[in-house]
Visitor: 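Structure incoming, see below.
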Amino acid sequence: MGQLRVFDAAEVRRRFDPDAARAVVREAMIALSDGRVRQQLRSFIGLGDGRTFAIMPAALGERAAFGAKLVSVFMGADGRKHHEGVVVLFDGETGATSCIADAGEVTALRTPAASAAATEALARPDADSLAVLGLGRQALGHIQAIARVRRLGTVRVWGRDPGRAQAFAERATRETGLPVQAFADAERAVEAAAIVCTVTAAADPVLKGAWLAPGAHVNLVGSSGPAQAEADDTVVARARYIVDHREHVLAHGGELLRALAHGAVDETAIAAEIGEVFAGTRPGRTSRDEITVYKSLGHAVQDLAVAQWLYDLTPEAAA
């Protein structure tokens with residue numbers, strides 16, 4: 001029986017390699033789409049007064065590692081949602097617990113890696129401008145991750161608080177070496193952008209389809225529940241809509257669910273799963289001027305695959 005390994009947030013950060021993580025997540029999504037991974041819909045237990053316990057289970061294969069991400073989501077005194085939790089990994093052969101990793105850090109790092117993998121597959125090869133709506137940790141993570149798959153010349157950011165947006169832009173410029181500019185208006189930030197990432201906690205749309213330039217690629221990342229939608233119906237209707245997992249998006253993808261309810265699209269709006277695009281079994285971008293969207297909900301398979309990768313890096317695991 002292998003030794004239980006525990007990775008706190010600092011250890012996850014220390015070991016993290018963005019390029020390796022992008023490859024790990026890419027392969028995990030291929031396995032999810034081709035059926036090698038077994039995964040259930042995430043479940044939620046309401047704890048009252050802005051508090052939720054979420055459970056996301058998956059198995060990476062018939063005799064491969066399995067486990068779950070367990071997360072508490074509590075509304076803080078600052079009015080923002082705070083996530084705490086762990087990723088628990090079990091050995092597929094022995095059933096023993098092999099790894100426990102900080103869920104917040106794993107999520108914070110694998111989410112931009114997944115978006116970067118999708119961008120690498122779907123954005124135009126010459127895409128050199130990025131707009132990010134949102135100012136949290138995912139915003140900086142996405143700038144860093146997207147810059148690894150496209151040569152960015154300009155980065156524009158928007159947030160509801162112009163002062164915070166300016167401070168974020170200055171910090172992002174220092175940390176990435178890219179020219180990051182803050183905008184007080186979301187439309188101005190998005191116009192002419194070749195790549196757009198929404199990483200907000202908005203319940204209602206902050207991105208409108210009318211703003212998107214021909215050939216733009218969009219990563220919808222921030223909303224993860226059926227009652228939230230970062231983009232309006234026009235984004236869904238105009239785009240080739242690629243999802244991380246069809247079943248989950250039909251249950252929890254707020255943008256698609258609103259567009260369906262409004263009669264703007266039907267279920268055929270889902271063009272493919274991103275794993276199918278990665279595997280080459282379904283096309284991604286089909287023309288230069290086509291708008292593409294990657295809808296990201298985030299999945300236990302991504303968390304478990306990253307946890308397995310972290311575990312495999314340890315000398316004890318290799319022994």
Side-chain angles (χ1 to χ4, degrees), residues 1-32 36-40 42-43 52-61 63-74 76 80-117 136-145 148 175 199 221 224 244 296-319:
M1 182 181 297
Q3 182 181 6
L4 171 65
R5 307 299 298 172
V6 178
F7 303 105
D8 63 12
E11 188 67 6
V12 173
R13 281 194 302 273
R14 186 181 74 80
R15 293 173 178 267
F16 189 77
D17 179 307
D19 295 322
R22 188 171 68 252
V24 166
V25 170
R26 186 181 186 277
E27 290 305 310
M29 298 312 289
I30 292 174
L32 179 60
R36 282 177 288 152
V37 165
R38 287 179 289 172
Q39 178 174 281
Q40 293 184 348
R42 66 186 71 187
S43 59
T52 303
F53 177 47
I55 306 164
M56 300 167 61
L60 297 180
R63 299 182 69 86
F66 61 93
K69 180 163 75 172
L70 311 174
V71 182
S72 69
V73 184
F74 277 44
R80 299 179 187 173
K81 290 181 179 179
H82 296 269
H83 298 68
E84 297 287 345
V86 294
V87 178
V88 183
L89 191 72
F90 294 84
D91 186 281
E93 292 290 341
T94 68
T97 309
S98 58
C99 173
I100 298 174
D102 182 89
E105 199 65 25
V106 169
T107 302
L109 296 172
R110 61 83 164 147
T111 304
S115 294
R137 182 174 179 186
Q138 286 294 334
L140 181 59
H142 274 73
I143 295 171
Q144 294 168 325
R148 302 186 78 88
E175 295 197 17
V199 290
V221 180
S224 58
D244 54 7
S296 169
L297 286 174
H299 294 281
V301 59
Q302 298 169 335
D303 301 303
L304 296 181
V306 169
Q308 181 72 66
W309 171 70
L310 289 169
Y311 179 81
D312 290 342
L313 286 176
T314 64
E316 295 85 347

Visitor: Are any non-hydrogen side-chain atoms of Val199 and Arg137 less than 4.5 angstrom apart?
Guide: no
Visitor: Kindly give the heavy-atom pair with the smallest separation between Val301 and Ala58, and that separation in Å.
Guide: N-CB, 4.1 Å
Visitor: Hey, does the side chain of Arg42 reach the backbone of Gly298 with a donor-acceptor pair shorter than 3.5 angstrom?
Guide: yes
Visitor: Please name the pair of heavy atoms, one in Phe53 and one in Leu70, separated by the smallest distance, quoted to 0.1 Å.
Guide: CE1-CB, 4.0 Å
Visitor: Give the minimum heavy-atom separation between Ala145 and Pro112, together with the two atoms involved.
Guide: CB-O, 3.5 Å
Visitor: The criterion is side chain to side chain donor-acceptor pair (under 3.5 Å); which residues satisfy it with Glu175, sequence neighbours excluded?
Guide: Arg171
Visitor: Just how far is it from atom CZ of Arg5 to atom CG of Leu310, taken to the nearest 0.5 Å?
Guide: 11.0 Å
Visitor: Checking Thr107 now: which residues fulfil side chain to side chain donor-acceptor pair (under 3.5 Å) with it, not counting sequence neighbours?
Guide: Lys69
Visitor: Test Val221 against Ser115 for side-chain contact (heavy atoms from CB on, under 4.5 Å), laying out the working first.
Guide: CA-CA 8 Å; Val221 180; Ser115 294; 3.5 Å; yes
Visitor: Considering non-hydrogen atoms only, spot the tightest contact between Gln39 and Ala300 and give its length.
Guide: OE1-N, 3.6 Å
Visitor: List for me each residue that meets side chain to side chain donor-acceptor pair (under 3.5 Å) alongside Asp19, sequence neighbours excluded, and say none if there are none.
Guide: Arg22, Arg148
Visitor: Is the side chain of Asp244 donor-acceptor paired with the backbone N or O of Leu297 at a distance under 3.5 Å, no angle test?
Guide: yes
Visitor: Tell me, please, which residues at least two apart from His299 pass ring-ring contact (aromatic ring centres under 6.0 Å, His included).
Guide: His245, His248
Visitor: Which of these, Leu109, Leu89, Val25, sits in a side chain to side chain contact (heavy atoms under 4.5 Å, CB included) with Val306?
Guide: Val25
Visitor: How close do Ala114 and Gln302 get, counting heavy atoms only, and between which atoms?
Guide: CB-NE2, 3.8 Å
Visitor: Which distance, rounded to the nearest 0.5 Å, do you find between the OG of Ser98 and the CD of Glu93?
Guide: 12.0 Å
Visitor: Under the ring-ring contact (aromatic ring centres under 6.0 Å, His included) rule, what pairs show up with a residue in residues 84-108, not counting sequence neighbours?
Guide: Phe66-Phe90
Visitor: As a quick check of understanding, evaluate side-chain contact (heavy atoms from CB on, under 4.5 Å) for Glu105 and Asp8, giving each step before the final call.
Guide: CA-CA 8 Å; Glu105 199 65 25; Asp8 63 12; over 6 Å; no
Visitor: So, applying side chain to side chain contact (heavy atoms under 4.5 Å, CB included) with Val87, which one of Val12, Ile100, Leu304 is it?
Guide: Leu304
Visitor: I need the His142 NE2 to Thr111 OG1 distance, nearest 0.5 Å.
Guide: 6.5 Å
Visitor: Can you confirm whether Val106 sits close enough to Phe7 that some side-chain heavy atom of one is under 4.5 Å from a side-chain heavy atom of the other?
Guide: no
Visitor: Which residues pass the salt bridge (Lys or Arg N to Asp or Glu O under 4.0 Å) test with Glu11, not counting sequence neighbours?
Guide: Arg14, Arg15
Visitor: Hey, could you give me the CG/CD distance between Leu313 and Gln308, rounded to the nearest 0.5 Å?
Guide: 10.5 Å
Visitor: Specify the closest pair of heavy atoms between Ala103 and Val71, including all atoms of both residues, with the distance to one decimal.
Guide: CB-CG2, 4.4 Å
